[in-house]
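The block underneath contains the structure these notes are about, expressed in structure tokens.
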Amino acid sequence: MGDTLFGKIIRREIPADIVYEDDEVVAFRDVNPQAPVHVLFIPKQALATLNDASDADATLIGKLVLAATRWARQQGFADNGYRCVINCNRDGGQTVFHLHLHLLAGRQMHWPPG
Ligand code: AMP
């Protein structure tokens, strides 16, 4: 686990509203939500950015996405729809360097995102 804010959340060193956890993934509500539902899905095994992912991480990244989609179904908004976002580095708007997937739902999303 990396020593980031999110590593501290995984280790329960700082509080978070955790909504899902399995052996490899943790999900918690974003502290600054951009939609009625805004949850961050993170791998327990820290990768700083999407650029740091290799073929060896393909299964982990698949599990991250599938954990989010499964949770969306369980919460009942999958059919209405949602958005999954992974920001990468400066131009992608990444601010926490522990790979995470934003799951946004509960309102109409727009494109382009800006
Ligand atoms: P990103 O800009 O893609 O790196 O996303 C980082 C996200 O982490 C932002 O949406 C922040 O609002 C969120 N965030 C920062 N600190 C916390 C925290 N302590 N608990 C939950 N979410 C956080």
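Residues: numbered from 1 along the sequence shown. In listed order, ligands and their atoms are each counted from 1. From a predicted model like this one, the values you see are computed outputs, not experimental measurements.
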Side chain, backbone, both or neither: [X] near ligand 1, heavy atoms under 4.0 Å:
X: Leu40; result: side chain
X: Gln34; result: neither
X: Phe6; result: side chain
X: Asn87; result: side chain

Any atoms of ligand 1 less than 4.0 Å from a non-hydrogen atom of [X]? List them with their elements.
X: Thr95; value: 1 (P), 2 (O), 4 (O), 5 (O), 6 (C)
X: Arg29; value: 21 (C)
X: His100; value: 1 (P), 3 (O), 4 (O), 5 (O), 6 (C)
X: Asn32; value: 12 (O)

- Query: Among Val31, Leu104, Val39, which residue places a heavy atom closest to atom 20 (N) of ligand 1?
  - Reply: Val31
- Note on the structure: Check: of Asp30, Val96, Ile14, Thr49, min heavy-atom distance to atom 7 (C) of ligand 1 comes from Asp30
- Query: Salt-bridged, Asp3 to Arg11, with N to O below 4.0 Å?
  - Reply: yes
[X] side chain vs [Y] backbone, donor-acceptor pair below 3.5 Å:
X: Arg83; Y: His110; answer: yes
X: Gln94; Y: Asn89; answer: yes
X: Glu24; Y: Asp22; answer: no
X: Arg12; Y: Ile10; answer: yes
X: Asn80; Y: Phe77; answer: no

- Query: Does any N or O atom in His38 lie less than 3.5 angstrom from one in ligand 1, N or O only?
  - Reply: no
- Item | Within-cut-off N or O pair, Gln94 and ligand 1, under 3.5 Å | no
- Message: With the threshold set at under 4.0 angstrom, would you say Gly93 reaches ligand 1 through any of its heavy atoms?
- Response: yes
- Non-hydrogen side-chain atoms of His38 and His102 separated by less than 4.5 Å: yes
- Decide if the gap between the ring center of Phe28 and the ring center of Phe6 is smaller than 6.0 angstrom. yes
- Task: Verify the ring-centre separation between His100 and His98: is it less than 6.0 angstrom?
- Result: no
- Task: Please report which non-hydrogen protein atom sits nearest to atom 15 (C) of ligand 1, along with the residue it belongs to and the distance in Å to one decimal place.
- Result: Leu5 CD2, 3.8 Å
